[in-house]
There are 2 protein chains.
Amino acid sequence: MSYEDAIAALADPSRRAIVESLRTGARPVGEIADGLPISRPAVSQHLRVLTDAGLLTCASSGTKRLYAISPEGVDALRRYLDSLWGDALACFSEAAQSKKEQL
Amino acid sequence: MSYEDAIAALADPSRRAIVESLRTGARPVGEIADGLPISRPAVSQHLRVLTDAGLLTCASSGTKRLYAISPEGVDALRRYLDSLWGDALACFSEAAQSKKEQL
DNA sequence: CATCTTCGTAACTCATGACTTACCGTAAGT
DNA sequence: ACTTACGGTAAGTCATGAGTTACGAAGATG
C-alpha cells in the first residue's frame with residue numbers, strides 16, 4: 001500500500017516483466033506465465049506481492065483471474081519521486097550557486 | 001545507470017534512509033553513518049550501490065567525500081514511472097469504457 | 001616523521017526471498 | 001457425477017545481499 005512496498009515490489013526483474021506484460025491491458029495468470037521463463041506458481045507469488053503493494057488489481061471472471069495495473073499504486077511512487085527530484089534540483093542549484101560565489 | 005538499477009537501489013530501507021538524509025544537501029560519509037543504526041562500512045557499501053545506480057554523486061574534499069543526490073538519476077526513474085502511469089490510465093479508462101458498453 | 005582522521009575494501013556470517021514440485025480448491029464442460 | 005482447466009498455497013532448496021569486524025590507503029596535523 002505504501003510507496004516503500006511499491007519500490008520493493010518493482011525491484012525484482014520478474015515482477016517488472018509481469019508489469020510490462022500488463023501495460024497493454026489486463027491478462028489472466030496463465031497467459032502471463034506463458035510469456036515468462038518461470039513457473040506459474042512463481043508468477044502467482046509475484047502477483048500477490050504486486051497486488052499487496054497496490055500496483056495491481058485483480059478481477060475474477062469464472063475460474064480465470066484478470067490482473068491489471070493499478071494507476072493509484074503507480075501514482076504513489078510517482079509522487080514520491082517527484083518530491084525527491086524537487087529536493088535534488090534545489091540542492092544542485094544551491095551548490096552551483098555557492099560554487100560561483102567562491103570565485 | 002539504468003532505471004532498473006535505480007529501483008533496485010531504492011528498494012533497500014537503509015539506502016532510502018541515506019537518500020532521505022541527503023535531501024537537504026551534500027554530506028560526508030561519517031555524518032551520514034552517525035544518523036543511521038548501521039556501521040560506517042555498511043554505509044560505504046550502500047553509497048557505492050547508490051552511486052553506481054546513478055542516484056548519487058561524489059565529490060572529494062581532502063580526506064572527506066561529499067555525497068549528494070543526482071537529479072539525473074532520479075529523473076530517469078521518474079520518466080519510467082510516468083510512462084507506466086500513462087499506460088495504466090489508458091487501460092483503466094478503456095476497461096471502464098468496455099464495461100459501460102456491456103450494459 | 002609520526003599520528004590521527006576519514007573512508008574504502010576484504011572476508012565472513014546469516015537472514016531473506018525467488019524458485020521449484022506437489023497438492024488442493026473451485027468453476028466450467030461432458 | 002467425472003473430468004478438465006485455472007490458479008492459489010505449502011514445504012523445501014539455494015543464491016543473493018545486508019551486515020559485521022579487521023585491515024589498508026590517503027590526506028590533514030602536530
Side-chain angles (χ1 to χ4, degrees), chain A residues 1-22 25-70 73 102, chain B residues 1-22 25-70 73 102:
Chain A
M1 208 60 173
S2 62
Y3 79 92
E4 284 105 340
D5 294 333
I7 290 192
L10 286 179
D12 185 81
S14 295
R15 284 197 287 265
R16 274 200 307 274
I18 290 177
V19 170
E20 288 301 317
S21 80
L22 294 176
R27 299 176 78 193
V29 179
E31 204 176 310
I32 299 173
D34 284 345
L36 295 176
I38 58 178
S39 68
R40 189 194 45 73
V43 172
S44 266
Q45 290 163 6
H46 284 311
L47 288 171
R48 175 144 170 64
V49 173
L50 287 166
T51 305
D52 286 350
L55 290 170
L56 259 47
T57 61
C58 178
S60 293
S61 160
T63 84
K64 294 195 176 181
R65 295 194 170 202
L66 291 173
Y67 284 88
I69 303 178
S70 165
Q102 279 182 356
Chain B
M1 207 64 171
S2 61
Y3 79 91
E4 285 105 340
D5 294 333
I7 289 193
L10 286 179
D12 185 82
S14 294
R15 284 197 286 265
R16 273 200 307 275
I18 290 177
V19 170
E20 289 301 315
S21 80
L22 294 176
R27 300 175 76 192
V29 179
E31 204 176 310
I32 299 173
D34 284 344
L36 296 175
I38 59 178
S39 68
R40 190 197 45 74
V43 171
S44 265
Q45 289 164 5
H46 284 311
L47 288 171
R48 176 147 169 62
V49 173
L50 288 165
T51 306
D52 286 349
L55 290 170
L56 259 48
T57 60
C58 178
S60 292
S61 161
T63 84
K64 293 195 177 182
R65 296 193 170 203
L66 291 173
Y67 285 88
I69 302 179
S70 165
Q102 280 183 355

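Everything quoted here is computed from the prediction, not taken from an experiment. In what follows, every chain begins at residue 1, and chains take the letters A, B, ... in the order their sequences are listed.
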[X] and [Y]: which non-hydrogen atoms are nearest, and at how many Å?
| X | Y | answer |
| --- | --- | --- |
| A/Leu55 | A/Gly73 | CD2-C, 3.8 Å |
| B/Tyr67 | B/Val29 | CE1-CG2, 3.5 Å |
| B/Ala9 | B/Leu50 | CB-CD2, 3.9 Å |

Only counting residues at least two apart or in another chain, list the ones meeting side-chain hydrogen bond (donor to acceptor under 3.5 Å, both in side chains) with A/Thr57. none
In short, side chain to side chain donor-acceptor pair (under 3.5 Å) pairs touching residues 26-41 of chain A with sequence neighbours left out are A/Arg27-A/Glu31
With side chain to side chain donor-acceptor pair (under 3.5 Å) as the rule and sequence neighbours excluded, what pairs involving residues 11-22 of chain B come up? A/Tyr80-B/Glu20, B/Arg15-B/His46, B/Glu20-B/Arg23
Tell me the interatomic distance from A/Asp34, atom CG, to D/dC6, atom C1', rounded to whole angstroms. 12 Å
Between D/dT20 (C1') and B/Leu36 (CG): distance, integer Å: 16 Å
Between the first and last five pairs of the helix from C/dC1-D/dG30 to C/dT30-D/dA1, the angle of the axes, rounded to 10 degrees: 20°
Nucleotides 4-8 of chain C: which of its N/O atoms have a protein N/O under 3.5 Å away?
residue	atom	partner	partner atom	Å
C/dT6	O4'	B/Thr63	OG1	3.1
C/dC7	OP1	B/Val29	N	3.2
C/dC7	OP1	B/Arg65	N	3.4
C/dC7	OP2	B/Gly30	N	2.8
C/dG8	OP1	B/Tyr67	OH	2.4
C/dG8	OP2	B/Ser44	OG	2.3
C/dG8	N7	B/Arg40	NH1	3.0
C/dG8	O6	B/Arg40	NH2	3.0

Report the distance from atom CG of A/Leu10 to atom CD1 of B/Ile7, rounding to the nearest 0.5 Å. 5.0 Å
Would you please test B/Leu56 and B/Leu47 for side chain to side chain contact (heavy atoms under 4.5 Å, CB included) and show each step? CA-CA 8 Å; B/Leu56 259 48; B/Leu47 288 171; 3.6 Å; yes
Table of protein N/O atoms under 3.5 Å from nucleotides 14-18 of chain D N/O atoms:
residue	atom	partner	partner atom	Å
D/dA18	OP1	B/Arg15	NH2	3.4
D/dA18	OP2	B/Arg15	NH1	3.0
D/dA18	O5'	B/Asp12	OD1	3.4

How about A/Ile18 and A/Val43: do any of their side-chain heavy atoms sit closer than 4.5 Å? yes
With side chains defined as the heavy atoms from C-beta onward, is the minimum distance between B/Leu66 and B/Pro28 less than 4.5 Å? yes
Just to confirm, is there a sub-4.0 Å distance from OP1 or OP2 of D/dT20 to any side-chain nitrogen or oxygen of B/Ser39? yes
